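Below: the structure, in structure tokens.
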Amino acid sequence: METNAPKRRDNKKSLRVKVISLGNAEVGKSCIIKRYCEKRFVPKYLATIGIDYGVTKVQVRDREIKVNIFDMAGHPFFYEVRNEFYKDSQGVLLVYDVGLRESFDALDSWLGEMKQEMGSQANMDSIVFVVCANKVDLTKRRVVDEGEGRLWAESRGFHYFETSAQSGEGINEMFQAFFSSITDMCENGGKRPVSEVSVGFTKEQADTIRRIRNSKDSWDMLGVKPGATREEVNKAYRKLAVLLHPDKCVAPGSEDAFKAVVNARTSLLKNIK
Ligand code: GTP
Ligand code: MG
């Protein structure tokens with residue numbers, strides 16, 4: 001990777017940070033980094049073998065930031081190589097392909113793998129996460145929409161950007177926000193600034209909306225077993241209604257999720273004696 005930043009101005013103010021990229025194989029992690037550092041796109045897939053390392057310098061306000069980028073391989077085969085590199089990161093790029101639902105669903109297990117290596121949630125709280133919904137140029141094959149991706153990211157206090165390494169869309173904005181947040185965090189004594197994590201809704205609300213969107217039938221939507229009693233259906237309904245009622249929940253998609261839950265309950269109760 002080549003450097004693309006202005007010359008050092010003030011030695012005292014320079015900062016050294018470590019960032020890593022995570023996500024399933026072939027989602028575009030290396031291409032996103034290449035697009036930013038080298039301003040080019042390679043259409044041929046060249047799988048990262050274990051880890052790629054690069055350095056770039058950027059200017060954030062009056063500080064020069066030296067960024068060490070560890071670009072991880074997404075293939076499960078490289079777990080033993082990857083797990084050495086999680087520690088001491090200040091920033092994580094979490095990437096998925098908007099045309100592959102499994103790459104979006106896998107974000108939770110990527111966080112899980114990282115948390116296991118970091119040892120505790122407290123260590124995860126002093127890291128800036130940016131979610132990249134990548135390959136947005138391939139509009140026809142898109143299966144994960146913006147609302148769903150943004151909800152997953154923002155409910156966890158993570159940034160969300162729609163990106164295309166191919167066209168360059170969103171790449172510079174994403175990296176600018178990423179490095180600026182990491183600088184804020186370092187200046188804030190290593191804690192993610194609070195404003196970033198208060199989005200007005202809880203992770204439970206966001207996760208419930210996502211689960212409802214992905215449910216396969218009305219039983220599944222209410223979280224009860226097929227053949228459940230009226231009482232069980234009503235109990236599950238009440239719990240969801242409290243969580244998602246539009247007067248109480250401002251998470252994107254809560255209104256649709258609430259309506260879907262009302263409809264699911266109505267249709268189930270019709271058929272239960
Ligand atoms: P691993 O190193 O195996 O973990 O994969 P990776 O996530 O680094 O994927 P990589 O960047 O190598 O890209 C995988 C394939 O997707 C390549 O063929 C890229 O050309 C293609 N690709 C990456 N980003 C984009 C994008 O934004 N749009 C399109 N159309 N293709 C992309
Ligand atoms: Mg790669």
Side-chain angles (χ1 to χ4, degrees), residues 1-2 4 18-56 67-87 89 91-118 127-150 152-153 158-179:
M1 289 165 204
E2 291 160 14
N4 64 346
K18 172 183 171 183
V19 304
I20 59 175
S21 65
L22 292 185
N24 279 8
E26 239 176 296
V27 294
K29 300 179 292 298
S30 304
C31 285
I32 287 173
I33 295 166
K34 205 177 272 291
R35 166 60 79 186
Y36 179 71
C37 295
E38 298 175 21
K39 312 268 176 280
R40 66 192 181 101
F41 174 70
V42 182
K44 189 165 179 276
Y45 174 41
L46 297 163
T48 303
I49 308 297
I51 290 274
D52 268 347
Y53 169 72
V55 183
T56 190
V67 189
N68 293 284
I69 306 177
F70 291 82
D71 175 26
M72 307 255 203
H75 198 283
F77 178 78
F78 294 111
Y79 169 70
E80 293 296 339
V81 183
R82 268 197 315 266
N83 65 9
E84 301 287 326
F85 291 89
Y86 282 113
K87 293 219 167 78
S89 305
V92 176
L93 286 182
L94 268 176
V95 184
Y96 68 93
D97 174 346
V98 295
L100 289 173
R101 176 159 291 278
E102 61 268 30
S103 72
F104 175 61
D105 292 339
L107 295 182
D108 281 314
S109 32
W110 282 105
L111 282 184
E113 180 177 304
M114 177 163 189
K115 194 170 159 189
Q116 199 180 340
E117 298 307 319
M118 299 296 290
I127 295 172
V128 172
F129 286 87
V130 172
V131 175
C132 299
N134 194 40
K135 306 199 189 183
V136 292
D137 55 288
L138 301 172
T139 46
K140 282 197 185 129
R141 64 185 273 279
R142 184 161 189 166
V143 291
V144 185
D145 67 20
E146 179 176 351
E148 206 174 343
R150 190 177 282 285
W152 187 91
F158 301 170
H159 295 270
Y160 172 86
F161 282 88
E162 303 242 301
T163 59
S164 165
Q166 194 237 41
S167 70
E169 182 183 338
I171 302 287
N172 282 341
E173 295 87 330
M174 181 274 288
F175 274 105
Q176 267 163 23
F178 188 37
F179 297 141

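Keep in mind it's a predicted model, so treat the numbers as computed, not measured. Counting convention: from 1, in listed order, for ligands and their atoms alike.
With respect to atom 16 (O) of ligand 1, the closest heavy atom belonging to the protein is K135 NZ, 2.9 Å. In this structure, the protein non-hydrogen atom closest to atom 18 (O) of ligand 1 is P43 O, 2.8 Å. Counting only heavy atoms of the protein, atom 3 (O) of ligand 1 lies nearest to Y45 OH, 2.4 Å. Considering only non-hydrogen protein atoms, atom 31 (N) of ligand 1 sits nearest to F41 CZ, 3.7 Å. Nearest non-hydrogen protein atom to atom 7 (O) of ligand 1 is K29 NZ, 2.8 Å. Protein heavy atom at the shortest distance from atom 27 (O) of ligand 1 is A165 N, 2.8 Å. Of the protein's non-hydrogen atoms, the one nearest atom 5 (O) of ligand 1 is E26 N, 2.9 Å.
A salt bridge is defined here as a Lys NZ or Arg NE, NH1 or NH2 lying under 4.0 Å from an Asp or Glu carboxylate O, and E169 with R35 fails to meet this definition. Here D97 pairs with R141 in a salt bridge; the nearest charged N to carboxylate O distance falls below 4.0 Å. With salt bridges taken as basic N to acidic carboxylate O contacts below 4.0 Å, one links E148 and R101.
Using a 4.0 Å cut-off between heavy atoms, K44 contacts ligand 1 through its backbone alone, with no side-chain atom that close. With a 4.0 Å heavy-atom cut-off, ligand 1 is reached by the side chain of D137 but not by its N, CA, C or O.
Atom numbering of ligand 1 starts at 1 in the shown order; those under 4.0 Å from a heavy atom of N134 are 24 (N), 25 (C), 27 (O). If you number the atoms of ligand 1 from 1 as listed, the ones under 4.0 Å from a heavy atom of Q166 come out as 26 (C), 27 (O), 28 (N), 29 (C). Here is the list of ligand 1 atoms found below 4.0 Å of a heavy atom in S30: 8 (O), 11 (O). Distances below 4.0 Å separate heavy atoms of G74 from the following atoms of ligand 1: 1 (P), 4 (O).
Under a 3.5 Å cut-off, the side chain of T48 and the backbone N or O of G50 do not form any donor-acceptor pair. Of the possible polar contacts, none joining the K18 side chain to the G91 backbone as a donor-acceptor pair under 3.5 Å is found.
At a 3.5 angstrom cut-off on N or O pairs, T163 does not count as close to ligand 1. For the pair G28 and ligand 1, the shortest N or O to N or O distance falls below 3.5 Å. Checking only distances, D71 never comes within under 3.5 Å of ligand 1, N or O to N or O. The distance criterion of under 3.5 Å between nitrogen or oxygen atoms is not met by A25 with respect to ligand 1. Checked by distance only, ligand 1 and L138 stay at 3.5 Å or farther apart across all their nitrogen or oxygen atoms. For ligand 1, the polar-atom distance check against C31 finds a nitrogen or oxygen pair separated by under 3.5 Å. By the 3.5 Å distance cut-off applied to N or O atoms, A73 is not counted among the residues near ligand 1. At under 3.5 Å, not a single nitrogen or oxygen of A47, backbone or side chain, sits near a nitrogen or oxygen of ligand 1.
Metal site remark for the Mg ion (ligand 2): S30 contributes an N, O or S atom at a distance under 2.8 Å. One of the N, O or S atoms belonging to T48 lies under 2.8 Å away from the Mg ion (ligand 2).
A cation-pi arrangement, defined by a distance under 6.0 Å to the six-membered ring centre and an angle within 45 degrees of its axis, is present between K39 and Y36.
Looking at W110, F158, F178, W152 one by one, the single match for ring pair (Phe, Tyr, Trp, His ring centres under 6.0 Å) with F129 turns out to be F158.
Atom OH of Y79 is surrounded by more than 12 heavy atoms from other residues, nucleotides or ligands within 6.0 Å.
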*Hey, mind stepping through R142 and E162 against salt bridge (Lys or Arg N to Asp or Glu O under 4.0 Å) and telling me if it holds?*
CA-CA 12 Å; R142 184 161 189 166; E162 303 242 301; 2.7 Å; yes
*Give the C-alpha distance, both sets of side-chain angles, the deciding distance and a yes or no for side-chain hydrogen bond (donor to acceptor under 3.5 Å, both in side chains) between S103 and N24.*
CA-CA 6 Å; S103 72; N24 279 8; 5.4 Å; no
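Residue contacts with ligand 1: G23 is excluded, as none of its non-hydrogen atoms falls under 4.0 Å.
Between D71 and S30, the shortest heavy-atom contact is OD2-OG, 2.5 Å.
Residues D137 and S167 bring no donor and acceptor atom of their side chains to less than 3.5 Å of each other. A donor-acceptor contact closer than 3.5 angstrom links the side chains of E113 and Y86.
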